[in-house]
Amino acid sequence: MEYNFRDIEKKWQQRWVAMQTYKVTEDKERRKFYVLNMFPYPSGAGLHVGHPLGYIASDIYARYKRLQGFNVLNPMGYDAYGLPAEQYAIQTGQHPAITTEANIARYREQLDKIGFSFDWSREVRTCDPQYYHWTQWAFQKMFGSFFSSPLPTSRKKGEEDCPKARPVEELVAYFEEHGTEGLEEFGVAQSEELSFTASEWKAYDEVQKQQVLMNYRIAYLGETMVNWCPELGTVLANDEVVDGVSERGGFPVVQKKMKQWCLRVSAYAQRLLDGLETIDWTESLKETQRNWIGRSEGAEMEFKVKDSEKSFTIFTTRADTIFGVTFMVLAPESELVKELTTPGQQAAVDEYLAYVKKRTERDRISDRKVTGVFSGSHAINPFTGQEIPIWISEYVLAGYGTGAIMAVPAHDSRDYAFARHFNLPIIPLIEGADVSHESFDAKEGTVMNSPADGTTALDGFSLNGLTVKEAITATKAFVASHNLGRVKVNFRLRDAIFSRQRYWGEPFPVYYKDGMPQMIPEECLPLELPDVDKFLPTETGEPPLGNARRWAWDTASCSVADCSTIDNKTVFPLELNTMPGFAGSSAYYLRYMDPHNDQALVSPEAGGYWQNVDLYVGGSEHATGHLIYSRFWNKFLFDLGVSRKEEPFQKLVNQGMIQGRSNFVYRIKDTNTFVSLGLKDQYDVTPLHVDVNIVSGDVLDIEAFKDWRPEYATAEFILEEGKYVCGWAVEKMSKSMFNVVNPDMIVEKFGADTLRLYEMFLGPVEQAKPWDTNGIDGSHRFLKKFWNMFWQKDAFAVTDDEPTAAEMKALHKLIKKVTEDIESFSYNTAIPAFMIATNELTQLKCQKRAVLEPIVVLIAPFAPHIAEELWQQLGHETSVCDAQWPAFEEKYLVEDTVKMMVAFNGKTRFSIDFPADADNATIEAAARSHELTPKYLEDKSIVKVIIVPKRMINIVMK
RNA sequence: GCGCUUGUGGUGGAAUUGGUAGACACGCCAGACUUAGGAUCUGGUGCCGCGAGGCGUGUAGGUUCGAGUCCUAUCAGGCGUACCA
């Protein structure tokens, strides 16, 4: 019987739909397992063979867990909001909803052909109002929350001291009683430090109160420096900017101050850091997140300004180098610049600020020049009273620490470069450190010059003779005891900017009254995205939503009203920005648990059952974007009691990217003649990409090539051995490289099971690897052999005979290997195990049910279609998905011999086999019997015999 | 610059974690069956050498009876990040 994969796969894919094989429900009797893939953005290009890699890997795991008796949730959906659909809409006028819908249909069709065990009844789309209802809802909750340890005014009995999100009402209650007095000891997250009394608070009007509260809300409207991309007409988050240009499109990005919605992610910095210790992610990914969060311990110190009442604060991790400070530096954007610039320097400073302003992010990265200007003012070193000039330079960032630093050129390379350029003094503070050519940045050595000879410091303070570590501690203690500053932890992690000046995204459920944002009542959610005529910003520069005709909030009727009546009714303008891409993808895993619930994001029952994601599979490119936002979002929902686990993704596997393998032809310059790879060096040639689909085994199909492009119809070729051999290179898989391989084609030619097997066989899941269709025959051949094991001519030939020991050994070797390999995600070595077992059993002519039936179950996660068909042929009426994973039994694998290494005179000489259950005497006899091997006769003085495994026996021979 | 990571045949990649390196597959070679083959089957295939044999896991050392695996130094590639004080 021939292996007719086309019929088999079609039959079972239809049957799975008809029988709802993969639909799951909460089942308290069974243990849950939640497998999740990062959901795709449905781009217009469709899937290429790289996309399904992670889906196949997780599908195998999901099917395996199910066969082990777990109730497995394995959902799929679409991250449907995004820039490409909108850019396409701007160019063509085609509504993004329509293109998105079409792209999703295409994706679904492609996915269905590969035979995944997704429960499609739980599909979510981020652009669906039923879905973004809960994105908007979460945003409103963030608006209504602040972050702190419990405040005494609302602390519940027995409440733990943990910092978390709390209702803003609790903060208001505190203000009513204390104002801001004593607030700092509760670790309240805030944009800036405010100070007012309880009575001042009570005297504020509503707008003023709202302005104050904005300083504490987790979702807040803030005036911040943003990454503005003029080409895209929108702001971008830090992770959306790569090398100073936009991730999408590669357009320049500049810094601009704008009023934007922000999420106070920074409040969660410590918890995001701590949480990493509890989850099973790769160390490198955790490290990437740790760097992104960027915790650094240091001190804030106050510096007075000479001849002035003014003072300012700096942040440093090297308080111990205070005696080496020779200048101060302010960030150009810092408020202090205005205050500290002297009239004499005003012109120079203005000129410098103008220069900085016109520099783009990209300029700053590409030419890292040393630039700066003297402010005219001097600061006073609080330890020595010495005067220090205050400079302004772009190498100090406004957004980190206090936007001002103390510069220690001897021990900081950036300060060093600055000091050299502007000829400022450099004072070495470490014994033996040579600072004539570069700074000494390491935190080691013995401190000197602190203070320098002849200088006295406040209270006779001295660090001389201490190690750097001791000096850091001593300085911090001194700073604290003399009230010169305070110990401070800073994070690099910034708040996320949450507004986008785009159309195709979640609308904010917000309207404006007296210039202050108000939340649309919860019962009126979702606030649906309106239709617009144009997708570009309006003429007046408002975001595209300004083009919507009916887009204002009518508080009387709780509905979106027509703008034209805005003056006659109590109608308020709505927020015109939309939410960024990560809004919809931050909590989608929770929604899969209960996707049709219109009362809650997720019901307590469903949330309580599924808890969190046990296995998350996706690309590592989301390390500092989605995977941070999502963890933040989940922690917030955890604080609300909506999410059950503080960490959303327990184990995470990064699938490696599948790269393209491009082929090249070589055209002789200024001709239409192409020369084969081996001969190209004899000519002056231009390499040109050629479609990999008309190349097989690097040999060009010349007729197909002539048909490929009209200009090649008359091409001539210089062949080697009658063939045209192409060159190749590993590149990104993309249309422009003509190296895209479409999974549909592979499925059509070889079948879904072959594709699944081959993708896993290609190499470790985590590793990046190039796609090469050539090897696929091997996987396909294996499936044919596997199929043939069950047949004799055209008859199904499985018997009920008793298996032999050798057959059982082959089976149990396979069970062991496959189970271990799935557990450790080593699918690429599990598949050879199937090949070996198949060869062994074919040679043994084994067609026994007791052996073959368990093997069908073993292969079911990898090649579900063929497994279903054989399972049915074996006489089962239920799906192979409901079978039981075979148990491995050690007794079938016991080896009868063990290898022994014999070593003497300091060298391993030879190895022999001996019975596995042999005692030492038998082993010694075996060794002695080899003593007379003529080859070794000259080495009479045997020193020892080493046995593997794990036994060493010394035998003296002569 | 910093952090992470990987170096094994012509290619993708194995190696029970210190025990006869190169499993499995592609490719290549030979043979069989074919009118034909980008079909199927069988055998071979790390390198050098006719051979005995020698050499081989980026490079150089070290530990060990024994090293792809452990240690030290060094080189090369990939990914991430970027003036974070």
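Here is how names work: the chains are called A, B, and so on, in the same order as the sequence lines, proteins then strands, and each is numbered from 1.
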### Task
Could you pick out which residue, R492(A) or I831(A), lies toward the 5' side of RNA chain B when each is mapped onto its nearest nucleotide?
I831(A)
### Message
Heavy atoms from C-beta onward define the side chain here; which of rA14(B), rC26(B), rU81(B) lies closest to that of W292(A)?
### Response
rU81(B)
### Task
Scan R295(A) against the nucleic acid and name what it touches under 4.0 Å (heavy atoms): base, sugar-phosphate only, or nothing.
nothing
### Task
Quick one: sort the F422(A) and W391(A) rings into parallel, tilted or perpendicular, breaks at 30° and 60°.
tilted
### Query
What is the base-pairing partner of rA67(B), counting Watson-Crick and G-U wobble geometry with both distances under 3.5 Å?
none
### Nearest-neighbour nucleotide for the K749(A) side chain, rA25(B), rG38(B), rG13(B) considered
rG38(B)
### Task
Answer with base, sugar-phosphate or nothing: what part of the nucleic acid does R781(A) contact at a heavy-atom distance below 4.0 Å?
sugar-phosphate
### Query
Applying a 3.5 Å limit to both distances, which nucleotide forms a Watson-Crick or G-U wobble pair with rG18(B)?
none
### Task
Can you figure out which of rA14(B), rA85(B), rC24(B) approaches the side chain of F315(A) most closely?
rA85(B)
### Query
Once you round to the nearest 0.5 Å, how far does CG of L893(A) lie from CZ of F888(A)?
4.5 Å
#### Entry: Residue I836(A), side-chain heavy atoms: nucleotide from rA23(B), rA85(B), rC4(B) that is nearest
rA23(B)
### Summary
Under a 3.5 Å limit on both distances, the Watson-Crick or wobble mate of rU81(B) is rG1(B)
### Residue T829(A), side-chain atoms from C-beta onward, closest of rG13(B), rA15(B), rA85(B)
rA15(B)
### Query
Say you pick atom P in rA30(B) and the same atom in rG38(B); how far apart are they, in whole Å?
15 Å
### Task
Using the P atom as the reference point in each nucleotide, state the distance between rC79(B) and rC65(B) in Å, no decimals.
43 Å
#### Entry: N828(A) CG to rG12(B) P, straight-line distance once rounded to whole Å
14 Å
### Message
Counting only side-chain heavy atoms from C-beta out, which of rA82(B), rC24(B), rA85(B) sits nearest to P832(A)?
### Response
rC24(B)
### Message
Between E297(A) and K488(A), does any side-chain N to carboxylate O distance fall below 4.0 Å?
### Response
no
### Query
CG/D412(A) to CD1/I405(A) distance, rounded to the nearest 0.5 angstrom?
6.5 Å
### Task
Quick one: label K817(A) by what it contacts on the DNA or RNA (base, sugar-phosphate, nothing), any heavy atom closer than 4.0 Å.
nothing
### Message
With a 3.5 Å limit on both atom pairs, tell me what rC41(B) is paired to, counting Watson-Crick and G-U wobble, or say none.
### Response
rG31(B)
### Query
Expressed as a whole number of Å, how far does the C1' atom of rG31(B) sit from that of rG7(B)?
39 Å
### Query
Taking for each residue the nucleotide of RNA chain B with the nearest heavy atom, is it E283(A) or Q767(A) whose nucleotide lies nearer the 5' end?
E283(A)
### Summary
K813(A) atom NZ is separated from rC24(B) atom P, nearest whole Å, by 11 Å
### Task
Report which part of the nucleic acid P764(A) touches: base, sugar-phosphate, or nothing (heavy-atom distance under 4.0 Å, all strands).
sugar-phosphate
## Note on the structure
Separation of rU16(B) atom C1' from E820(A) atom CD, nearest Å, is 9 Å
### Task
Sticking with atom P, work out how far rU45(B) lies from rC24(B), rounded to a whole angstrom.
12 Å
### Task
Rounded to the nearest angstrom, tell me the gap between atom CG in N788(A) and atom P in rC41(B).
9 Å
### Query
Where does rU11(B) fall, syn or anti, if syn means a chi angle no more than 90° from 0?
anti
### Task
Looking at every strand, decide which applies to D772(A) at a 4.0 Å heavy-atom threshold: base, sugar-phosphate, or nothing.
nothing
### Between rU81(B) (C1') and H622(A) (NE2): distance, integer Å
17 Å
### Message
Just confirming the chi classification of rG9(B), syn or anti, using 90° around 0 as the syn window.
### Response
syn
### Query
Contact class for E621(A) (heavy atom, under 4.0 Å): base, sugar-phosphate, or nothing?
nothing
### Query
Reckon I405(A) touches a base, only the sugar-phosphate, or nothing at all at heavy-atom distances under 4.0 Å?
base
### Message
Would you measure the distance from the P atom in rA14(B) across to the matching atom in rG62(B) and give it in whole Å?
### Response
31 Å
### Message
Please report the distance, rounded to the nearest Å, between CZ in R494(A) and P in rU81(B).
### Response
15 Å
### OP1 or OP2 of rA85(B) under 4.0 Å from side-chain N/O of Y395(A)
no
### Message
From the set rC26(B), rC24(B), rG13(B), return the single nucleotide nearest to any side-chain atom of N774(A).
### Response
rC26(B)
### Task
Mind calculating the distance between NZ (K769(A)) and P (rA14(B)) to the nearest angstrom?
10 Å
### Task
Select one nucleotide: of rA25(B), rA14(B), rA85(B), the one nearest the side-chain heavy atoms of T317(A).
rA85(B)
### Query
Base, sugar-phosphate alone, or nothing: which one does D701(A) contact when heavy atoms must sit under 4.0 Å apart?
base
### N-O pairing of E277(A) and R290(A) below 4.0 Å
yes
### Message
When both hydrogen-bonding distances must be under 3.5 Å and the geometry is Watson-Crick or G-U wobble, what is rU72(B) paired with, if anything?
### Response
rA60(B)
### Any donor-acceptor N/O pair, S439(A) side chain to S413(A) backbone, under 3.5 Å
yes
### Message
Suppose you measure atom P in rC48(B) against the same atom in rG56(B); what distance do you get, rounded to whole Å?
### Response
15 Å
### Query
Given the P atoms of rA82(B) and rG77(B), what is the spacing between them in whole Å?
22 Å
### Task
Carefully, step by step, assess E840(A) and K809(A) under the rule salt bridge (charged side-chain N to carboxylate O under 4.0 Å, His left out).
CA-CA 10 Å; E840(A) 279 176 7; K809(A) 187 173 169 182; over 6 Å; no
### Task
Using the C1' atoms only, state how far rG61(B) lies from rU17(B), rounded to an integer number of Å.
24 Å
### Task
Output the distance between atom CG (L652(A)) and atom NZ (K286(A)), rounded to the nearest 0.5 Å.
10.5 Å
### Task
Can you measure from OG1 (T313(A)) to CZ (F303(A)) and round to the nearest 0.5 angstrom?
10.0 Å
### Task
Answer yes or no: does a side-chain N or O of S284(A) lie under 4.0 Å from OP1 or OP2 of rG80(B)?
no
### Task
May I have the distance from F782(A) (atom CZ) to rA23(B) (atom P), rounded to whole angstrom?
18 Å
